[in-house]
2 protein chains.
Amino acid sequence: MTLSLRQRRRLETAREIQKATLKLVVQRGIENVTTEEIAASAGISTRTFFNYYLNKEAAAIGEPPGYREEDMEALQTGTASLAADLKTFLDKHMETLAEDEAVLRMVGSVLRSNEKARGILDGFLASERDQLTECLFARVKDRQIAAALASNATDVTERAIRLWEQSESLSLIAALDIIWEGLLSAAQLLAASSE
Amino acid sequence: MTLSLRQRRRLETAREIQKATLKLVVQRGIENVTTEEIAASAGISTRTFFNYYLNKEAAAIGEPPGYREEDMEALQTGTASLAADLKTFLDKHMETLAEDEAVLRMVGSVLRSNEKARGILDGFLASERDQLTECLFARVKDRQIAAALASNATDVTERAIRLWEQSESLSLIAALDIIWEGLLSAAQLLAASSE
DNA sequence: CCCAATCCTTGCATAGTGTGCAAATTGTGC
DNA sequence: GCACAATTTGCACACTATGCAAGGATTGGG
């Protein structure tokens, strides 16, 4: 038991709130749901809601899964080609995201309709991108190259999720494959014309 | 005179409000400035403030200059290499941004400290990215490649601006050159390892 | 020059957001 | 069990944002 009762309850309540938020938000749109309703639906007071999340947009997004340490380690020390190792890394992360497709879809709909939510997610993504930049810097030894690669990594994931949301028949991994192919082709175009 | 008095006043008031907002926000941080203060400082009522901007973050950002039609035209029909034409396009856009470095710097500081503001800017960037995707699609005939290129274009501009903000000695164009070189190197790495 | 249509500004009322504070309750570790 | 720390909650309060309606200014036609 590595988590105390208090810590487990805290996590559970946070998830309860997110569940309640997404349920109401999907029904009526985030603009038409009040923090009061969310709190009532989650069985807590309005004040307590704000002890868990700064606002309802943050509650809807929850805490997105970041990159896993082990995967970053593997990317940093990988021996295959950079493209291959990076693709493996992105596949792993996408598998993590695929564990909760329902939430992913609901959060996506919030992000498309609400600027504030978009900004909050941007904060999470920026921090992931920074981590990945450090990791790639250790491998490619050049900060600008690492930053460009990291940007493309988070961007590819985002675009793949959007493609998956729209397609109705693609799996997340399949969507990532398609977006990834596009990135490689774009890279070849740029590389070829700048030799 | 293509603009009526009313239209000119509207634009002028919008800029007045942005100026007043940025002035107060730079002094005290956006969280410590109220819409009431901004309105007073701009010489209008609080209610009128909300006739111009949805919120103070939007007032701070104002209306960022989008891509110019002529530049997109040139990019679409360009005959040099794709990399060269794209770089020219980005240079042009950066020159436009460089026309108001003071505002750019102030807006940047807001974006770094405020999630809502980032979300709002994200909306503008997303729409620019979509335009650019269409433009590039007409040139490269592949939607995924166009999307990857357009993403990198907006991303490169953003990263260049951040580098410029931090460096204190680089010009915007010089910062763009550095970031652009990083992108090309990254593209070559990816292209080489995926042949 | 005047009039009607239109747009703009403003005050007021109101619903909702988010924070500080302090009292009460509940888990933690010794 | 007891002292300590974290959590919940109500309450007060400042601030955000919108709808509405009255009044004022601009426009264009006659």
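- Look at CD on A:Glu31: it is 18 Å from P on C:dA15, rounded to the nearest Å.
- Distance CD (B:Glu115) to C1' (C:dG18): 14 Å, rounded to an integer number of Å.
- Side chains of B:Arg118 and B:Asn114: a donor-acceptor N/O pair is absent below 3.5 angstrom, by distance only.
- Of all non-hydrogen atoms in A:Ser41 and A:Leu24, the two that sit nearest each other are CB-CD1, 4.1 Å.
- Both tests hold for A:Arg10 against A:Tyr52: distance to the six-membered ring centre under 6.0 Å, angle to the ring axis within 45°.
- A:Arg105 is listed as a side-chain neighbour of A:Trp164, based on a closest heavy-atom distance under 4.5 Å.
- Counting only N and O atoms by type, the side chains of A:Gln18 and A:Thr21 include no donor and acceptor under 3.5 Å apart.
- Listed pair B:Thr48 / C:dT9 fails the phosphate criterion, with no side-chain N or O lying under 4.0 Å from OP1 or OP2.
- The distance from atom CD of A:Glu57 to atom C1' of C:dG18 is 12 Å, rounded to the nearest whole Å.
- Between B:Gln7 and B:Lys56, the one whose closest nucleotide on DNA chain D sits nearer the 5' end is B:Lys56.
- A:Trp180 does not carry A:Arg159 over the face of its six-membered ring by the limits of under 6.0 Å from the centre and within 45° of the normal.
- Whole-Å rounding puts the B:Arg10 CZ to C:dT6 C1' distance at 13 Å.
- Between the axis at the start and the axis at the end of the helix from C:dC1-D:dG30 to C:dC30-D:dG1 there is an angle of 30°, using five pairs per end and rounding to 10 degrees.
- Atom-to-atom, CD1 of A:Ile44 to C1' of C:dG18 comes out at 14 Å; the value is rounded to the nearest Å.
- Across the interface with DNA chain D, nearest-nucleotide mapping of B:Val33 and B:Arg9 shows B:Val33 to be the residue nearer the 5′ end.
- Atom C1' of nucleotide C:dG18 and atom CG of B:Asn55 are separated by 16 Å, given to the nearest angstrom.
- Contact detail for B:Leu136 and B:Ala150: the closest heavy-atom pair is CD1-N, 3.8 Å.
- Hydrophobic clustering (side-chain heavy atoms under 4.5 Å, transitive across Ile, Leu, Val, Met, Phe, Trp, Tyr) groups B:Met72 together with B:Val140.
- Listed by residue number, the members of residues 13-26 of chain B with any heavy atom below 4.0 angstrom from DNA chain D form an empty set.
- If you check C:dC21, C:dC8, C:dT10 against the side chain of A:Arg47, the one that comes closest is C:dC21.
- Of the side-chain N and O atoms in B:Lys116, none sit less than 4.0 angstrom from OP1 or OP2 of C:dT17.
- In this structure, B:His93 and B:Phe89 have parallel ring planes: the angle between them is below the 30° cut-off, well short of the 60° mark.
- Spacing between atom CG of B:Asn51 and atom P of C:dG11 amounts to 12 Å, rounded to whole angstrom units.
- Atom CZ in B:Phe50 sits about 15 Å away from atom P in C:dT17, given to the nearest Å.
- Among the heavy atoms of the strands lying under 4.0 Å from A:Thr35 are primed sugar atoms or P, OP1, OP2 only; no base atom is included.
- Phosphate proximity of C:dC8 to B:Tyr52: absent, as no side-chain N or O sits under 4.0 Å from OP1 or OP2.
- At distances below 3.5 Å, at least one donor-acceptor pair connects side-chain atoms of B:Thr157 with backbone N or O atoms of B:Ala153.
- Taking both residues in full, the closest heavy atoms of B:Leu86 and A:Leu190 are given as CD2-CD2, 4.4 Å, listed atom of the first, atom of the second, then distance.
- Listed for the B:Arg139 side chain is no donor-acceptor partner under 3.5 Å among the backbone atoms of B:Thr77.
- Along DNA chain D, the stretch of nucleotides lying under 4.0 Å from any heavy atom of chain A spans, 5' to 3', D:dA5 to D:dC11.
- Distances shown here put a side-chain N or O of A:Ser4 below 4.0 Å from the OP1 or OP2 atom of C:dT28.
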